[in-house]
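The structure appears below as structure tokens.
Below, chain A is the first sequence line, B the second, and so on; all start at residue 1.
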Amino acid sequence: MSAGMSLKITTLNLNGIRAAARKGFFDWFARERPDVLCVQETKAQRAQLDGNALFFPEGYHAFFHDAEQRGYSGVALYARQEPDEVRTGLGWPEIDREGRWLEARFGKLSVVSFYMPSGTSGAQRQDFKYTFMEPLLDHLKSLCEAGREYIICGDWNIAHKPIDLKNWRSNQKNSGFLPEERAWLDRLFDEAGFVDAFRLVNLEAEQYTWWSFRGQAWDNNTGWRIDYHMITPGLRERVRGAEIYTAERFSDHAPLTLAYDWELQAG
DNA sequence: CGTAATACG
């Protein structure tokens with residue numbers, strides 16, 4: 001019987017870390033104080049943030065994996081405890097130059113900030129997404145089998161089931177809810193063994209994490225659940241609370257926080 | 001419609 005500590009982890013696609021900061025995101029972060037914060041779409045280079053204390057909050061170690069292209073993509077991770085090791089990228093140049101993967105290792109637990117390519121801008125980017133998904137599934141399988149526990153947080157850019165978006169009927173031919181993408185998530189769960197930690201503890205409808213800026217999507221709650229904590233099966237029994245924070249709006253996504261019954265090992 | 005640079009989501 002282990003009465004472990006609670007580990008609180010938040011993920012959020014910021015749609016620009018500087019814009020999110022102007023909207024008060026770092027005030028929320030300071031109030032909420034998760035143990036680990038995973039963010040995506042920083043849309044900034046490290047050099048554009050250096051020297052601004054806002055982006056380096058007291059009590060946190062900050063790590064960045066920027067895209068080569070200015071103002072584009074990029075992920076980051078903030079941790080109260082210093083990780084034993086940080087790995088940026090997957091070792092795949094096509095993906096790594098877009099800054100989409102950052103892993104922090106704490107003992108036998110890894111926390112990843114991940115940003116799946118979007119296919120919404122056209123066929124070329126959808127092909128890029130599919131071309132990446134194929135080897136990624138094998139890679140995720142190997143992670144699941146490696147004897148470590150993983151919490152892969154981020155914007156996966158795929159809604160899994162009709163319950164995960166408002167207008168599922170009209171979106172079946174749109175990127176993010178294509179049958180092939182949904183089947184890939186099925187394989188992530190059924191073959192690789194990953195678990196959608198939020199869905200494990202919350203079975204309600206209309207639990208969205210993204211709303212288009214266009215029209216009145218936010219006001220009408222016309223959303224999609226495309227941000228996830230994907231966890232290895234060993235963590236299944238350790239998921240405690242789950243919350244999507246919508247009281248304030250820092251970007252087109254909402255912060256997704258889960259608590260785990262887990263104590264980080266001292267480095 | 002929004003971020004951040006003239007593309008991408």
With 3.5 Å as the limit, what N/O pairs link the protein to nucleotides 5-9 of chain B?
unit_1 : atom_1 : unit_2   : atom_2 : d
B/dA5  : OP1    : A/Gly71  : N      : 3.2
B/dG9  : OP1    : A/Tyr72  : OH     : 2.9
B/dG9  : OP2    : A/Ser121 : OG     : 2.7
B/dG9  : O6     : A/Arg214 : NH2    : 2.8

Do the charged groups of A/Arg31 and A/Asp27 touch, with an N to O distance under 4.0 Å? no
Is A/Arg225 salt-bridged to A/Glu204, cutoff N-O under 4.0 Å? no
In whole angstroms, the gap separating P of B/dC1 from CG of A/Asn220 amounts to 14 Å
Can you check the A/Asn13 CG to B/dA4 P distance for me, whole Å? 11 Å
Starting from A/Ile158, can I reach A/Leu137 by hopping between I/L/V/M/F/W/Y residues whose side chains sit under 4.5 Å apart? yes
Let me check something: do A/Tyr150 and A/Val239 share a hydrophobic cluster, defined by ILVMFWY side-chain heavy atoms less than 4.5 Å apart, either directly or through other members? no
Quantified in whole Å, what is the C1' atom distance between nucleotide B/dG9 and nucleotide B/dA4? 12 Å
Distance between P atoms of B/dA5 and B/dC1 (Å, rounded): 22 Å
For residues 65-80 of chain A, which residue pairs qualify under salt bridge (charged side-chain N to carboxylate O under 4.0 Å, His left out), counting only residues two or more places apart or in two chains? none
Are OP1 or OP2 of B/dC1 and a side-chain N or O of A/Arg249 less than 4.0 angstrom apart? no
With sequence neighbours left out, write down each residue that passes salt bridge (Lys or Arg N to Asp or Glu O under 4.0 Å) with A/Glu85, or none if nothing qualifies. A/Arg87
